[in-house]
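Worksheet for the structure shown next.
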Amino acid sequence: MPKLTEQPIDSQQLLCAVQTTQAGAVILFLGTVREFTNQRQTLALDYEAFAPMAIAEMERIEAEAREKWVLAKIETIHRLGHLTLGEISVGVAVSAPHRDAAFAAGQYIIDELKRRVPIWKKENWSDGSQEWVHP
Amino acid sequence: MPKLTEQPIDSQQLLCAVQTTQAGAVILFLGTVREFTNQRQTLALDYEAFAPMAIAEMERIEAEAREKWVLAKIETIHRLGHLTLGEISVGVAVSAPHRDAAFAAGQYIIDELKRRVPIWKKENWSDGSQEWVHP
Amino acid sequence: MNSTMIHEQVVDVQLFALARELTNVARVLLEVPVEGRPVTIADVQHALMTRFPRLASLGSKLLFAVGTQYADENTVVQPGEPVACFPPVSGG
Amino acid sequence: MNSTMIHEQVVDVQLFALARELTNVARVLLEVPVEGRPVTIADVQHALMTRFPRLASLGSKLLFAVGTQYADENTVVQPGEPVACFPPVSGG
């Protein structure tokens, strides 16, 4: 189930939420705030969302994944607000009877999330400048 | 770094071990004891290893993954002994600057582990029978 | 005969991220001229660019949604339906 | 002239999983006949099947390692090198 949160993402809670004896495979993806991008140093990121649409789009992505692969449970969560180095910005957990489905679905969900879900990040560079990230 | 253990696998410890501000992506794969395989019900699994070769082979697999993709840290751990339903049999954690590398390396490591690492499992079926699993 | 003929449709538009910062506006009730056919996203976009010329720097990169669904320039905006306008997304 | 001519090489063989259960042996010092050339895995396998006919049920599926590296039938087993013999792996 998709969620947005202003609080730190708890990876253990994500894993617990998708755990089931129906599944032989669990995949967890975590996106974290990385220090360097093309030699430029990040201090922090600010995330903003169009929340109702972000949730609706994440629900559509989860439903698409369930159509493509046999899955047990899915959790998708994105952090909003101010994140410092190393913090988790996004978490995707998928359980499935078989690992190929878990990997493929996990990658599909994070790829589509980054492509479609209305969330934006602003870089806080080490030189003091700020910059919206636009792919 | 590869490990074998008789103790329950701690997923949080795996995630912590690969965490670094160099990485923007973390993948965790967990294999768990699944209840049903082709309608047959599993009660438990017993895992046995040729330990020194298992560690050596896991080290070779990690080294191969590092040659193929730009990765930060890798943890590979396999449980041995008697495992009941839902318990974690294997864990692979990979951190990388970019998520495609993390996903690809995680899948490569678990695929090769299952193909090459000298570990064997014996099914304890619900009808009381035991059976070595041979692919 | 038709004394209540409508010449404008008021569209509730939310702006996000750089679109919000360029305009200093998070939400605007935009008066979109009605030209004898249903209002579309193209009409909303035209009215928005006229009202906020600084959005031109995002130009054709701007994305639109009607309600919580992506829309293209031909998507009809029914009276009362909210619209969102934002730059390419960068979550994750 | 060569009074110390060796006719057998003793090979330390460990067995795992079903190979261990079929033989009831986890480790055996196997006497492998030497035929004027280095002992290979094929020789070890032949000696092992002769000693433990029940391994035939695993037949060509049996895998071998010298030390901690996979070996094929042509791999040479130097005196003192340990060998492992096991069924297809099923970890994970």
Side-chain angles (χ1 to χ4, degrees), chain A residues 9-16 18-39 41-45 72-73 83-111 113-114 121 133, chain B residues 9-16 18-39 41-45 72-73 83-111 113-114 121 133:
Chain A
I9 290 173
D10 180 344
S11 55
Q12 205 55 34
Q13 204 174 302
L14 285 177
L15 287 172
C16 287
V18 300
Q19 205 174 323
T20 155
T21 58
Q22 309 310 303
V26 174
I27 269 289
L28 174 68
F29 171 81
L30 299 176
T32 58
V33 180
R34 187 180 55 204
E35 189 165 11
F36 287 98
T37 302
N38 303 327
Q39 270 116 53
Q41 193 177 8
T42 297
L43 295 182
L45 295 175
K73 298 187 179 183
L83 277 74
T84 54
L85 279 192
E87 286 200 272
I88 301 168
S89 56
V90 60
V92 177
V94 179
S95 57
H98 298 286
R99 73 183 185 285
D100 286 353
F103 270 102
Q107 191 149 19
Y108 178 79
I109 291 167
I110 184 64
D111 285 354
L113 183 149
K114 290 178 81 95
K121 69 170 159 249
V133 178
Chain B
I9 290 175
D10 180 343
S11 55
Q12 205 54 35
Q13 203 174 302
L14 285 176
L15 286 173
C16 286
V18 300
Q19 204 176 322
T20 154
T21 59
Q22 310 310 303
V26 175
I27 270 289
L28 174 68
F29 171 81
L30 300 175
T32 58
V33 180
R34 189 181 53 203
E35 188 165 11
F36 287 98
T37 302
N38 304 327
Q39 271 116 51
Q41 192 177 10
T42 296
L43 295 182
L45 294 175
K73 298 186 180 183
L83 277 73
T84 54
L85 278 191
E87 285 199 275
I88 301 169
S89 56
V90 60
V92 177
V94 180
S95 59
H98 298 286
R99 73 182 186 286
D100 287 353
F103 270 102
Q107 191 150 20
Y108 178 80
I109 290 166
I110 184 64
D111 286 353
L113 183 150
K114 289 179 81 97
K121 68 170 161 251
V133 178

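These values consider heavy atoms only, across backbone and side chains, with no hydrogens, waters or symmetry-generated copies. The chains referred to below are lettered A, B, ... by the order of the sequence lines, with proteins before strands, and numbering in each begins at 1.
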Output yes when a side-chain donor or acceptor of B:T32 lies under 3.5 Å from a complementary backbone atom of A:V26, and no otherwise.
no
Below 4.5 Å from any heavy atom of chain B, which atoms of A:I27 appear? Answer side chain, backbone, both or neither.
both
Pairwise distance CG(A:L15) to CD1(B:I88) - rounded to 0.5 angstrom
7.5 Å
When only pairs under 4.5 Å are counted, which of A:K114, A:Q22, A:E87 shares the most heavy-atom pairs with chain B?
A:K114
Do the rings of B:F103 and A:F29 sit parallel, tilted or perpendicular, given the 30° and 60° boundaries?
parallel
Is there a side chain to side chain contact (heavy atoms under 4.5 Å, CB included) between B:D111 and A:R99? Walk through the geometry before answering.
CA-CA 9 Å; B:D111 286 353; A:R99 73 183 185 285; 2.8 Å; yes
Begin from the C-alpha positions of A:D100 and B:Q107 and carry the test side chain to side chain contact (heavy atoms under 4.5 Å, CB included) through to its verdict.
CA-CA 8 Å; A:D100 286 353; B:Q107 191 150 20; 3.3 Å; yes
Name the region of B:Q12, side chain, backbone, both or neither, that has any atom closer than 4.5 Å to a heavy atom of chain A.
both
Between B:P97, B:G86, B:G31, which shows the greatest number of heavy-atom pairs under 4.5 Å with chain A?
B:P97
Contacting moiety of A:Q19, where chain B heavy atoms sit under 4.5 Å
side chain
